[in-house]
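The first residue in the sequence is number 1, and the count goes up from there. Ligands are counted one by one from 1 in listed order, and the atoms in each one are counted from 1 as well. These figures come from a predicted structure and were not determined experimentally.
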Amino acid sequence: MIDNRLHRAQKTVSKMITLYCHAHHKPYHTSLCLDCLDLAAYAHRRIERCPYGADKPTCAKCPIHCYQADRREQIRQVMRFAGPRMLLHHPRLAILHLVDGLHKPPTR
Ligand SMILES: [Zn+2]
């Protein structure tokens, strides 16, 4: 069973990608365009395999940066656009994400 916080991180990243995709790519009668669908699947896999597991910090604060360079650039753009909008569209997830961000990653 995947931990709740990880599950929430996946949900948050999906919502952010959806906000971004709808504003920039305007997918025709699908929820996400193929690129963003692919990015979402990638982000979900990274979260599932996060070596911190339940102690996972929010990705912006994570010292590992497990994303490949090109994916990282993609997700950075998504976050920059969707971050401030999350409070408006999904306030509960946005606030929980901020709270998760206070969680310090274990030092290695
Ligand atoms: Zn898209």
Using distance alone, with no hydrogens and no angle criterion, decide if H90 and T12 have a side-chain donor and acceptor under 3.5 Å apart. no
Here the N/O/S atom of H25 closest to the Zn ion (ligand 1) would be ND1
Is the Zn ion (ligand 1) less than 2.8 Å from an N/O/S atom of C36, whether that atom is in the backbone or a side chain? yes
Does the side chain to side chain contact (heavy atoms under 4.5 Å, CB included) test come out yes or no for Y20 and H25, once each step is laid out? CA-CA 8 Å; Y20 181 85; H25 310 141; 3.8 Å; yes
State plainly whether one hydrophobic cluster holds both L88 and M86, where clusters connect Ile, Leu, Val, Met, Phe, Trp and Tyr through side-chain heavy atoms under 4.5 angstrom apart. no
Residues R76 and E73 bridged, charged N to O under 4.0 Å: yes
The Zn ion (ligand 1) to H22: any N/O/S contact under 2.8 Å? no
